[in-house]
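So you know, we letter chains A, B, ... as the sequences are listed, proteins then strands, and number each from 1.
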Amino acid sequence: MTLVTWALLALFVPLGVAAFIGLVVPLRRTGRPAALISVAGALVSLASAGMVLAGGSAALKPGVHATVGWLTAGTATAVGVHLDGTSAWMLLVVTLVATCVQIYSLGYLHDEPPPALGRYFTYQSLFLFAMNTLVLAPNLLQAFLGWELVGLVSYLLIGFYFRKPSAAKAAVKAFWVTKFADLGFLIGLVTLYAQTGGFEWTAVTPAATFVTLMLFFAVMGKSAQFPLHIWLPDAMEGPTPVSALLHAATMVAAGVFLIVRAEPLFEQAALTRDVMAYVGAFTALFAACVAVVQSDIKKVLAYSTCSQLGYMVAALGAGDTFAGYFHLSTHAFFKALLFLGAGSLIHAVHSNELKDMGGLFRKMPFSGTVFVVGALALAGVPPLAGFFSKDLILEAMHHHGLHVPLAALAIAAFLTAFYMTRTVMLALFGTPSHAAEHAHEPGIDMKLPLAVLALLAVGAGFLGGPLAGLTGHDYAFHFTPVGGAGTAIGLVGIGMGYFMFGPAQGGAAIKRGFAPVGAFIRYGLMDRLATVAYGIMLAVGAIIAWIDRYVIDGLMNWSGWILLVLGRRLRALQTGNVQDYVYAVALAVVVFGAWGILR
Amino acid sequence: MGLESYVLIAGFLFCVGLYGILTRRNAIGVLVSVELLVNAANINLAAFAHFGRGLDGQVFVLFTTALTVAEVVVGLALVILLFRRRKDILLDLANGLKG
Amino acid sequence: MSELMLNPWIRALFWGLVMITGVMTVTAWSTWFERKFAGRMQSRMGPTLVGPLGLLQPIADACKLLQKEDLVPDSADRALFNLAPVLTVGFAMGVAAVVPFTPTMLAADLDVGVLWLLALSGLMVFPTWMGSWASNNKYSLIAAMRAVAQGISYEVPMVLAIMVPVIMTGTLSLSDMVADQQKNGWLIYRLPLTGLIAFVIFFLASLAEANRIPFDIPEAESELVAGPTTEYTGMKFGLFYMAEYIHTLLSSAICAAVFFGGWDGPIAPGLHWMLLKSVILFVFLTWVRWSFLRLRSDQLMNLCWKYAVPATLALIPVTAFYTVYAAGKGGV
Amino acid sequence: MMERLFFGAVATVLIFSALMAVGTRNLVRAVLWLGLTLATTSMFYIMLHAPFLATLQLILYTGGVLSLMLFGVMLTRRSTEQHGVEVHNESNGQRRALPIVAVAVGLIVTAVGRTDLSTATPAAVSPETREIGQRILGTHLLAFEVLSVLLLAAMVGAIVIARRKDASLEGKDDPRDRAAALPGSRLSSERET
């Protein structure tokens, strides 16, 4: 079988599975069989992705392009698969994480009623298809299709517990925010089409700046960049495996992937890249700040995801595509691990709140260990996965002279290490809460994916060299001052976190000092901002109101009076009889026709 | 037969439909007349397609056909709503918007 | 003779006459066959008295119908009442024009034969409706509502189901369709399952359009007396009766042509194969008729909109995919 | 000559049935006359070498639209018929409609007379049905897609319009309807005003 056949298999098996378990209602209603079919589909998809990658970089490097014509009005566009190192690797990452998450879900959602379980796995399979459509897209148009499809599935999965009002609200919010951002994608696509007559990744156009800015707007929505990040924390209303797959590892990274894919376009737009670097760095810092004060373990991870996506976007903004892409893949592994690990903690105590946890490490050594591994990887401790990619990003920022974003990212690195230590300390060590007393380890179906992802979180950093070779970049790990400083900052953050939230519970003065800041961030950074903006608007509004009342209204009243008098006269024309109006139209047509013909 | 005979017949059909729209009291009767109008236009499109050696005319007949189906569906839904509210479907009595 | 047959008008006229006579004759004796068959299924004899094995029974029936008094109800709409039975046979016979018995034996080799077929099946609703409306009878009116609802509902899966053969063979002409099957295999098995499902749905839909049991809800003699034909007597009733049989027979013939390769078959001449296949399908239909109960109105609609339509909608992309990629045909 | 006669016959049937469709007082017959008009139009299409259109006309207009209209007639029977006798279908406003229609006919005849339409010659070969399909999915793809959206909108719209139950007329088995019938609710205050 050729590479394309394998890729098509990876693409269409999940679709077939989704259609099968979705449309065969009795099967869907039985739940568990549907779930097993879905997992089997994901495994086939994973194996196919593996076969594609096993084709080797020699076959992938030139890029394998297989398309069929579609929408052949005017200039032809195409759908199909485009395989090169980038998409092949992404395909593997997506299918791997998805398979892990699906297996994990078998255990995590064990107590769901069967119909809901069937629905869940239908969405999961559909998601895999949608994401693969996006990953394998040979042009921006197909990418857009996949983009919208993953948005739809995200909406469906966030609202999985749709009887819960907050979940339904969160789903709608996520949908609207991302759809609003997707308008940018659409405008970008239309502009690109108008300029080049196609939707190619490699298009060359003078309007590249505008097009890429529009695309980046969509990325801001999907990859949760400030200020369009607001949907992501709410999206945690979905089941935890969904958060791991969609809202941490793959779907939110789709924005980053899009930029990686459209690199030739973004290369033509220096302005967009600067915007990206600053927006990304700011998001990284801002979200890290917010993450420090969250009390909900999933919210911590959600803001952390925001922050890490900021890193990737900043790296892409600096022009180092590989750094962003590398961080995307390592992040996919360790963040999925963190979410799934958090999931098993949540599963054990039936609560998202950190205060309901504590001391869980002793009860759940396995889950605790993998969670700590994930946290260390995220904090950038060598030689775990996050260390290499974060190091590369910081270096890239330094290399391109972007010092302000670099500083922001460095602070964010400190905060990252700090809040992860805080989370680990609060959730796993310390005094056990009441809820944590009966906690116990999850079953094998949840442990297995955790083990796989933990291995990857440890080892994925060493895949940098092969991955660079696959995607046609140069990469070799060097120890540099910037990278060293970044690691040191991370270690300081960990130490600080341990000092404050570890057994010593030190730094009371610092805690007290920062308490108002924490409260401010936690309870209403956005609200305060809104209050200030509201005050300004009230003042401006008062002025406008005066003008409106006495100047404009005066005019209006006067003209209104005239219209009223006129209207009373004209009312006689409105007989309310439809045929009278048709008669008027016909009369006009005949009169104008006569004028035109007999003239 | 020449093109002008088709156009004339279609034109006459159109006028018959117009007369129906203006005089029918019953809403369904008006819908019937609207069908005649569209039909007249369709004959013209097909005739010009044949004599102009193009196909676009025929394609557009298909489009207008689909449009008409949509129009009839919505029209009948309105008629039924009207009937539910007023117990009749006489257009000259349905003049609630009278000024 | 052969030169004369080259003229399409003459050809259409000739085969038209042949078809009409042929179809009428076959229809007459199909009633005999059905009664015999039903009799055997229910451990009875069926007609035995008129002629050997009761073979002359149809002629006797026709004589009886012709002798009966022709009644028109007082409050009936006379013109429509009389027009309906004529139209119903007319439309049913119209289908015969495009049925390809052999490459040469068909009245009109239309480019758009499939559409013609669908058009006439769609029109079949009107005579039924017209007759029942014109009768001005409560039962008939309810029957009319049912007939129209059933007719326009089953038109949808019928059109969608026949799109499967159309996509696979890439033609709207029935004779080209058979020719294609001769070359590439019958449609019933060419694409596993898909052809079969399309056939079953198409067959069901044509049964519903012909108001045959188990879809004879408009007639429903146990609740609606006899539905549209309540007020009809004598030969007018006979015409309705005949139209149902013609419709059923021609549906079998069309299914044989579209899904079972028509005249394709070894050794024997094509016409034999075509007739054999049609007869097998007709026997199958008769068997169904005497084995199943009538559906309820809501069951009928459920079957159509919840099962047949979604199934056919799913079939179309599958077929298209197969045709473009696997068979390497079509494409832009 | 044959062609001329044939055309004349078809045109006569067409116009006559159209006149009957707008003229007859019996609504059911009007719809059936319309059916004859539409069927005759498909004869025109055959003469214009458009067999695809002809059959489609039969399927969609005559088969589909007409059935819908008959349904409409039956559902609103109380309005169109009393004691089995058709009422209320008489025309009104002939006095003002006739002149305008007469002028329109005159205009069309004049306009056609001033053109050189009679010099146009028909195409020798009739186009294949396949080409129509390619046109629709090629040049006119956008229009086709827009049309599909329109049909969807019409479908949804028709359901919404015809479905809304008027609580004063229908049984109130849906809780929402019951809520709407409560005094002070928005729906009930809108009703019958």
Side-chain angles (χ1 to χ4, degrees), chain B residues 1-9 11-13 15-20 22-26 28-29 31-33 35-36 39 42-43 46-47 49-53 55-56 58-59 61-63 65-70 72-74 76-81 83-85 87-90 92, chain D residues 3 7 11 14-15 18-19 21-22 27 30-31 34 37-38 41 44-45 48-50 53 56 60 64-65 68-69 72-73 75-76 78-80 88-94 97 101 104-105 108 112 117-118 120 122-123 127 131-132 135-136 140 143 147 150-151 154 157-158 161-162 166 169:
Chain B
M1 293 302 293
L3 178 54
E4 81 284 358
S5 6
Y6 287 100
V7 175
L8 276 176
I9 296 288
F12 195 70
L13 198 59
C15 292
V16 173
L18 183 63
Y19 177 78
L22 291 176
T23 56
R24 274 285 190 191
R25 290 183 74 203
N26 191 303
I28 293 180
L31 276 182
V32 166
S33 312
E35 288 307 304
L36 291 178
N39 215 41
N42 281 353
I43 292 178
H50 183 50
F51 284 88
R53 296 176 181 74
L55 257 181
D56 292 346
Q58 290 203 28
V59 173
V61 173
L62 297 180
F63 286 161
T65 307
L67 276 175
T68 320
V69 172
V72 168
V73 167
V74 176
L76 280 173
L78 284 172
V79 166
I80 286 167
L81 189 69
F83 178 70
R84 280 210 194 127
R85 294 202 160 218
K87 309 270 191 201
D88 68 52
I89 51 172
L90 300 180
D92 53 343
Chain D
E3 202 200 340
F7 181 88
L14 185 77
I15 295 299
L19 282 172
V22 300
L27 196 55
V31 175
L34 174 70
T37 315
L38 298 175
T41 308
F44 263 17
Y45 289 152
L48 288 167
H49 294 252
L53 289 189
L56 221 65
L60 285 176
V65 171
L68 279 179
M69 286 191 165
V73 173
L75 287 176
T76 56
R78 266 182 290 174
S79 167
T80 55
H88 289 323
N89 286 322
E90 71 274 20
S91 304
N92 66 349
Q94 286 98 329
V101 170
V105 171
I108 288 169
V112 173
L117 289 182
S118 47
E131 288 173 42
I132 298 180
R135 268 316 152 87
I136 292 178
H140 301 295
L147 200 62
L150 175 91
L151 283 178
I161 292 173
D166 204 336
L169 298 176

**Fill in**
Whatever's closer than 4.5 Å to a heavy atom in chain D on B:T68 counts as side chain

**Complete:** Sequence neighbours excluded, the answer for side-chain contact (heavy atoms from CB on, under 4.5 Å) partners of D:I132 is B:L55, B:Q58, B:V59, B:L62, D:F52, D:I136

**Prompt:** Of the listed residues (B:V73, B:V74, B:I43, B:L31), which shares the most heavy-atom pairs with chain D below a 4.5 Å separation?
**Reply:** B:I43

**Asked** Where does D:L56 contact chain B at under 4.5 Å (heavy atoms): side chain, backbone, both or neither?
**Response** side chain

**Prompt:** Side chains of D:T37 and B:L36: does their closest heavy-atom pair fall under 4.5 Å?
**Reply:** yes

**Request:** Name the region of B:L78, side chain, backbone, both or neither, that has any atom closer than 4.5 Å to a heavy atom of chain D.
**Result:** both

**Contact leader toward chain D among B:G2, B:G17, B:A70, B:A49, where contacts are heavy-atom pairs under 4.5 Å** = B:A70

**Request:** Examine whether an atom of D:V105 lies under 4.5 Å from a heavy atom of chain B, and if so say whether it belongs to the side chain, the backbone or both; otherwise answer neither.
**Result:** both

**Message:** Going by side-chain contact (heavy atoms from CB on, under 4.5 Å), name the residues that satisfy it together with B:T65, two or more places apart in sequence or in a different chain.
**Reply:** B:N42, B:V61, D:L60, D:Y61

**Message:** Checking B:F12 against B:V16 for the side-chain contact (heavy atoms from CB on, under 4.5 Å) test, could you report, in this order, the C-alpha distance in whole Å, the side-chain angles of both residues, the deciding distance, and whether it holds?
**Reply:** CA-CA 6 Å; B:F12 195 70; B:V16 173; 4.1 Å; yes

**Complete:** Residue from B:L18, B:L3, B:V69, B:N39 scoring the most non-hydrogen pairs under 4.5 Å with chain D is B:N39

**Asked** Do the ring planes of D:F44 and D:F7 sit parallel (below 30°), tilted (30 to 60°) or perpendicular (above 60°)?
**Response** parallel

**Leading residue by heavy atom contact count with chain D [cutoff under 4.5 Å; candidates B:V79, B:I80, B:V7, B:L8]** = B:L8

**Message:** Would you say that B:V72 contacts B:E35 through its side chain, given a criterion of any heavy-atom pair below 4.5 Å between the two side chains?
**Reply:** yes

**Prompt:** Under a 4.5 Å heavy-atom cutoff, which of D:L151, D:I108, D:I15 has the most pairs with chain B?
**Reply:** D:I15

**Message:** So which atom in D:A158 and which in B:A77 form the shortest heavy-atom distance, rounded to 0.1 Å?
**Reply:** O-CB, 3.7 Å

**Complete:** Of D:A18, D:G64, D:G157, the largest count of non-hydrogen pairs under 4.5 angstrom with chain B goes to D:A18

